[in-house]
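Following: one structure in structure tokens, then a few remarks.
These numbers come from the heavy atoms of this one structure, side chains and all, not from hydrogens, waters or symmetry mates. When a ligand or atom number is given, it counts from 1 through the structure's own listing order.
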Amino acid sequence: LSSNEWKKEPTIVNIGDVNIGSNKIVVAAGPCAVESEEQVETVAKAVKRAGASLLRGGAYKPRTSPYSFQGLGEEGIRILRKVGDEVGMPIVTEIMDTRDSLIFKNYVDMIQIGARNAQNFSLLREVGKLGKPVLLKRGLGNTVEEWLQAAEYILFEGNGNVVLCERGIRTFERSTRFTLDIGGMVAAKLMTHLPICADPSHPAGKRELVHSLALAAVAAGADMLLIEVHPTPEKALSDAEQQLTPESFEILMNRIKSLAKAL
Ligand code: PEP
Ligand code: MN
């Protein structure tokens with residue numbers, strides 16, 4: 001179902017008036033984690049002004065250590081929904097547990113499956129049944145084929161609104177947090193009709209690298225970008241090193257616009 005031999009025309013995933021997979025690059029931006037209403041409001045206004053069309057933020061956070069900040073949960077979803085409505089941006093946020101599916105169905109515009117749940121097959125099936133647009137991250141140890149097979153679980157439940165997200169894979173290289181697999185992204189584009197997103201923030205791991213990785217992904221044909229932006233990144237409760245300031249995000253958006261024009 002994900003193959004472009006089965007479906008020849010490219011899929012466009014529509015979220016309100018945002019169209020992912022049309023010719024215009026769609027940018028989702030916001031903090032790694034929702035920390036407070038004020039934080040989300042500040043960032044949402046700034047990223048919207050800079051040209052982002054979707055608001056991202058984690059409410060349920062998949063943290064490596066159980067002692068790290070785990071996210072605000074349901075309260076985080078409430079904040080995102082409120083701010084999203086206020087500023088007029090659809091919201092993207094990660095689901096970790098099938099038991100939360102009703103909250104996501106009722107309040108979230110695009111459901112993210114994180115890299116760590118990329119092969120959680122019961123979660124993939126459940127999200128397929130919800131019928132909402134899905135942003136499916138590639139697992140950190142998954143091949144392109146495994147990533148497409150994960151999408152297959154969602155499509156099989158009758159939900160065709162899937163965007164694939166390359167977010168870096170684990171390799172021996174330690175100068176970046178993960179290795180953004182531009183080659184894999186390009187290969188996936190040749191195999192599937194689904195739109196492709198790139199997340200330059202998580203593979204970068206450091207904000208100094210985010211602009212270049214984002215631009216590389218755009219040049220390689222990404223349909224969408226997912227970028228972490230925080231009003232005071234150094235004080236962030238998660239991923240403090242890689243989040244952009246609103247000012248830096250605005251500069252990046254201008255660079256993306258110029259590059260997209262040249263392509
Ligand atoms: C995120 O987008 O905040 C996130 C946790 O991403 P990933 O699942 O790619 O690590
Ligand atoms: Mn993050």
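- Here salt bridge (charged side-chain N to carboxylate O under 4.0 Å, His left out) pairs that include residues 112-128, with residues two or more places apart or in two chains, are Arg125-Glu157.
- In the model, Thr143 has no side-chain atom that pairs as donor or acceptor with a side-chain atom of Glu145 under 3.5 Å.
- Annotation: cation-pi pair Arg167/Phe178 present, NZ/CZ under 6.0 Å from the ring centroid and within 45° of its normal.
- Around the Mn ion (ligand 2), protein N, O or S atoms at less than 2.8 Å number 4.
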Practice task
Check step by step if salt bridge (Lys or Arg N to Asp or Glu O under 4.0 Å) holds for Glu241 and Arg207.
Solution key: CA-CA 6 Å; Glu241 312 271 293; Arg207 67 189 126 262; 5.7 Å; no
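- Not counting sequence neighbours, the partners of Tyr60 by the ring-ring contact (aromatic ring centres under 6.0 Å, His included) test are Phe104.
- Comment: Lys61 does not engage Glu94 in a salt bridge, judged by the lack of any side-chain N to carboxylate O separation of less than 4.0 angstrom.
- Under a 4.0 Å N-O distance rule, the pair Asp199/Lys137 qualifies as a salt bridge.
- Side-chain contact, Asp239 with His230: no donor N or O sits under 3.5 Å from an acceptor N or O.
- Contact shell of ligand 1 (protein heavy atoms, cutoff 4.0 Å): Arg56, Lys61, Pro62, Glu94, Gln112, Gly114, Ala115, Arg116, Lys137, Arg167, His202, Glu228.
- No side-chain N or O of His193 forms a donor-acceptor pair with one of Ser3 less than 3.5 Å apart.
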